[in-house]
Chemist: 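What follows is a structure written as C-alpha cells; I'll ask about it next.
Values below: every heavy atom of this structure, side chains too, minus hydrogens, waters and symmetry copies. Note that this is a predicted model, so its numbers are computed, not measured.
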Amino acid sequence: LMAPLEADTSLDGAAPLVSLITDYFARTRDGAGPVSTHCTVEEITTRLSAQPSATGAPLADVATRLARDLLPDVNHLAHPMYMGHQVSAPLPAAVWTDALIAALNNGMAVREMSPAFTPVERALAQWACALVGWGDGAGGTMTSGGTEATFTALLAARAAALPDAWRDGVGADPPVVVYGAHAHYAVTRAIGQLGIGARNGIAIPVRAHRMDVDHLDRALADLAASGRRVMAVVATAGCTPTGSFDDLGRIAALCRAHGHWLHVDAAHGGGALLSPTHRHRLAGIEHARTVAWDPHKMLLLPLSAGMVLARDERDLDRAFAQSAPYLFRPGAADTRSVDQGVRSFLCSRRADALKLWVALERYGTARMGALHDHLCDLAHLLHERLTARDDFEALHAPESNILCFRYVGGLLAVQEPALVDAFNDQLRERWNASGAGWITATNLDGRRVLRVTMMNPRTTSAHVDRLVDGLAALAAVMHREQA
C-alpha cells in the first residue's frame, strides 16, 4: 500500500514533475512557441475521457501524460509575449516554496496548527502595514486575493456601523456603500453578500478613469443632509480596466470630514509601495481604515497570496466575533490574538505567507520594486510606440503596467462605432488564436478596446515591438479579407 507513496518522496521520485517545471521555464525563456492554444474545450476534454485508473501508474507515466495532453494547451504566462490578465509569471523561488508549503501542510487558522508560520504571517502583515504608514496597532492577514480582502474589510466596516448585524441582520434600513464606477466587482459582490443590498451601493462617476472627487463630495453632502448612513467609502488604487489610481488624499480628507470608513482596494496597485518611482500614486493611503493588497500581482507570487490590512487590527477581529471553542480560545476584549483565523473568512488556510517571505528574502525589496518599475516602464513604452503611429490609438496614459488601446488604421472613415469595436474584438481573438501573443479586451467609455497588462519580467522592448508590428500585420490581413 505504501510503496508508491514512499517512492514519490525522494528527489528521484519527484524528478518527473520537477522536470516539467524546469523544462517549462527553459522553453518559455526565449519566447519561442505559441503563447496559448487554439484547441476547443471539447478537444481537450476528449483526451481526459477515460476513467481514472484503479491501480495507478508510475509518476513518470503520469508526468508524460501531463506533458503530452495538457501542458501544450495552457496559457504560458512565463512566455514574454503573454500580456494578458493580472496574473503573474511567478518568481521561481516562490514557485518552489509552493511545493514546500504543500508538503508541510500546516494549517493557518490557529498557531498550534502552525507554530512557525503564524509568526511569519503576522510579521509580514505588520511589515505591510508599516509600508502603508500605520503604527503598532495595525495588522492583517493573508487572503486568497483581493475579492476576499475587500469582503473582509467591508465586513469589518459593517461590524462598526451595525454592531448587532451578526446576530440580528442588517435590518430594513441598511447603510450605503459608496465606490467609484470603475471599482472591481468584488465591491458590489460584497455589498450583496453582506446583506446591504445592491440598491444601497452608490457608484460615483469617474473622470479620466479615476473617481470624480468633486462628485463624491456632493454625494456625501447629500447623504448627510438626507440622514443616510454611510458604511464605507471604497477607493481604488490601480483599477482593473486601466490601472489608474484614485486621488486617495482628497478622498481621505472627505472621509475624515464626514467620519466615514475608507477602504482602499490596492489589490493591484499596492506593489507601488515598494517603488520609489511610483509610491507617490498611493499618497493618502495611510488615512485608510482598511486596505486590500495582492502580492500575487505586482510582487509576482504564485496564486494565491492576497492580504487584508487594518489600521486597527481589532477591527478585523470584531468582524468575525463568534464562539468556536474547539478552535478559538477567547481572551480579553482588548487583547490581540496571535491566531490568524480569528480575523479571516477561511478556516482551512495555507501558509501562503511563506512564499512571500521567501521571495523577499531571496530577491529583496529593492529588486522587487525594480521589477515593478520594469513592468510599468513596458506599458509606458507601448504607449510611446502607439502614439507615434497613426494606425493605433492609445486611450490613456498608463499609471501602472496596464494600457488600453485600439486599432484604427483604415477604420477612421467607418461611421458605425460598433463596426470598429467588432474589428478590434476580432483582431484580438485572431491574435490570441495565432499563438504569437496573448492580450485581453475590455469596455472603456462605452467602446470595446484592446488591453495589455505587463506581468512578466522576461518581457522586453523587443517584445513590445513584436506586439505592435504583429497586430498591425494581422489587421492588414483582415482588411484584405474584408475587401
Side-chain angles (χ1 to χ4, degrees), residues 140-141 143-206 209-213 215-224 226-241 246 248 251-252 254-255 258-269 288-294 306-311 315-316 318-322 343-346 443:
T141 184
T143 66
S144 58
T147 299
E148 183 192 342
T150 288
F151 176 90
T152 303
L154 291 181
L155 180 64
R158 192 190 72 173
L162 302 170
D164 299 324
W166 191 286
R167 182 188 66 228
D168 300 332
V170 300
D173 183 29
V176 300
V177 177
V178 182
Y179 56 92
H182 59 356
H184 191 271
Y185 72 81
V187 177
T188 51
R189 175 173 286 186
I191 292 170
Q193 290 171 324
L194 292 170
I196 303 301
R199 65 185 178 87
N200 293 307
I202 298 177
I204 301 298
V206 297
H209 314 300
R210 309 167 89 202
M211 188 191 294
D212 186 333
V213 184
H215 197 289
L216 173 66
D217 189 7
R218 293 191 296 272
L220 294 180
D222 290 345
L223 288 167
S226 63
R228 295 295 306 276
R229 294 174 297 170
V230 175
M231 189 179 96
V233 175
V234 181
T236 304
C239 70
T240 298
D246 286 343
L248 302 184
I251 294 171
L254 289 175
C255 289
H258 289 277
H260 296 329
W261 183 298
L262 172 61
H263 172 64
V264 175
D265 177 5
H268 189 78
R289 189 87 173 255
T290 47
V291 169
W293 181 21
D294 279 355
M307 302 180 93
V308 59
L309 308 172
R311 191 170 64 208
D315 283 336
L316 299 179
R318 285 188 282 266
F320 291 100
Q322 63 184 134
R343 55 189 66 96
S344 171
F345 182 74
L346 302 178
N443 294 330

Chemist: For a quick test of reading the model, state the closest non-hydrogen atom pair linking Gly140 to Leu316 and the distance between them.
Modeler: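 Heavy atoms only, the tightest pair is CA-CD1, 3.8 Å.
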Chemist: Which atom names give the shortest non-hydrogen contact between Ala160 and Trp261, and what distance separates them?
Modeler: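 Taking every non-hydrogen atom into account, CB-CZ3, 3.7 Å.
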Chemist: Do Val308 and Arg343 have side chains that approach each other closer than 4.5 Å (heavy atoms only, starting at C-beta)?
Modeler: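 A side-chain contact is absent here, since even the closest heavy-atom pair is not under 4.5 Å.
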Chemist: Kindly compute the distance separating NE2 (His263) from CG (Leu154), expressed to the nearest 0.5 Å.
Modeler: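 It comes to 5.5 Å.
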Chemist: Mind checking side chain to side chain donor-acceptor pair (under 3.5 Å) for Arg158 and listing every partner two or more places apart, or none if nothing turns up?
Modeler: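 Arg158: no side chain to side chain donor-acceptor pair (under 3.5 Å) contacts found.
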Chemist: Closer than 3.5 angstrom, by distance alone: can the side chain of Asp265 be matched with the main-chain N or O of Ala267 as a donor-acceptor pair?
Modeler: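 Yes; judged by distance alone, with no hydrogens or angles, the pair exists.
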Chemist: Would you say the side-chain atoms of Asp294 pair up with the backbone N or O of Gly146, donor to acceptor, closer than 3.5 Å?
Modeler: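 Side chain of Asp294 to backbone of Gly146: a pair is present.
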Chemist: Would the distance check show the side chain of Thr236 and the main-chain N or O of Gly238 forming a donor-acceptor pair, the cut-off being under 3.5 Å?
Modeler: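 Answer holds: no.
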Chemist: Answer yes or no: is there a side-chain heavy-atom contact under 4.5 Å between Thr290 and Asp315?
Modeler: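 Thr290 does not reach Asp315 side chain to side chain.
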Chemist: Who are the side chain to side chain donor-acceptor pair (under 3.5 Å) partners of Asp217, not counting sequence neighbours?
Modeler: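 With neighbours one apart ignored, the set is empty.
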Chemist: Please give me the minimum heavy-atom distance between Ala319 and Ala159, naming the atom from each residue.
Modeler: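 Reported closest heavy-atom pair: CA-CB, 4.0 Å.
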Chemist: Sort out for me which residue in His182, Arg210, His209 forms a side-chain hydrogen bond (donor to acceptor under 3.5 Å, both in side chains) with Asp246.
Modeler: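 When side-chain hydrogen bond (donor to acceptor under 3.5 Å, both in side chains) is applied between Asp246 and each of His182, Arg210, His209, only His182 qualifies.
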Chemist: Taking all non-hydrogen atoms of both residues into account, name the closest pair between Glu148 and Ser344 and its distance.
Modeler: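 Taking Glu148 first and Ser344 second, the nearest heavy atoms are OE2-OG, 4.0 Å.
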Chemist: Quick one: CG on Leu216 to CE on Met211, what's the gap to the nearest 0.5 Å?
Modeler: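 Taking CG in Leu216 and CE in Met211, the distance rounds to 5.5 Å.
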Chemist: What is the distance from atom CG of Leu162 to atom CG of Asp168, rounded to the nearest 0.5 Å?
Modeler: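 The CG atom of Leu162 sits 10.0 Å away from the CG atom of Asp168.
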Chemist: Might you point out which heavy atoms bring Val233 and Cys255 nearest each other, and give the distance in Å?
Modeler: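 For Val233 versus Cys255, the nearest heavy atoms are CB-SG, 3.7 Å.
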Chemist: Classify the ring geometry between Phe345 and Phe320 as parallel (under 30°), tilted (30 to 60°) or perpendicular (over 60°).
Modeler: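 It falls in the tilted class, 30° to 60°.
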Chemist: First locate atom CG of Leu309, then atom OG1 of Thr143, and finally report the distance between them rounded to the nearest 0.5 Å.
Modeler: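 The OG1 atom of Thr143 is 9.0 Å from CG of Leu309, to the nearest 0.5 Å.
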Chemist: Do the non-hydrogen side-chain atoms of Val178 and His260 ever get within less than 4.5 Å of each other?
Modeler: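 SC-SC contact between Val178 and His260 ruled out.
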Chemist: Counting distance only, does the side-chain N/O of Thr150 pair as donor-acceptor with the main-chain N or O of Thr147 below 3.5 Å?
Modeler: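 It does not hold such a pair.
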Chemist: Return a table of donor-acceptor pairs under 3.5 angstrom between the side chains of residues 183-204 and protein atoms on other chains or two or more places apart.
Modeler:
{"residue": "His184", "atom": "ND1", "partner": "Ala186", "partner atom": "N", "Å": "3.0"}
{"residue": "Thr188", "atom": "OG1", "partner": "Tyr185", "partner atom": "O", "Å": "3.2"}
{"residue": "Asn200", "atom": "OD1", "partner": "Arg228", "partner atom": "NH2", "Å": "3.1"}
{"residue": "Asn200", "atom": "ND2", "partner": "Ile196", "partner atom": "O", "Å": "2.7"}

Chemist: So how far is it from Arg311 CZ to Leu262 CG, rounded to the nearest 0.5 Å?
Modeler: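 Spacing of CZ (Arg311) from CG (Leu262) equals 8.5 Å.
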Chemist: Is any side-chain heavy atom of Val230 less than 4.5 Å from a side-chain heavy atom of His258?
Modeler: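 Contact flag for Val230/His258 side chains = no.
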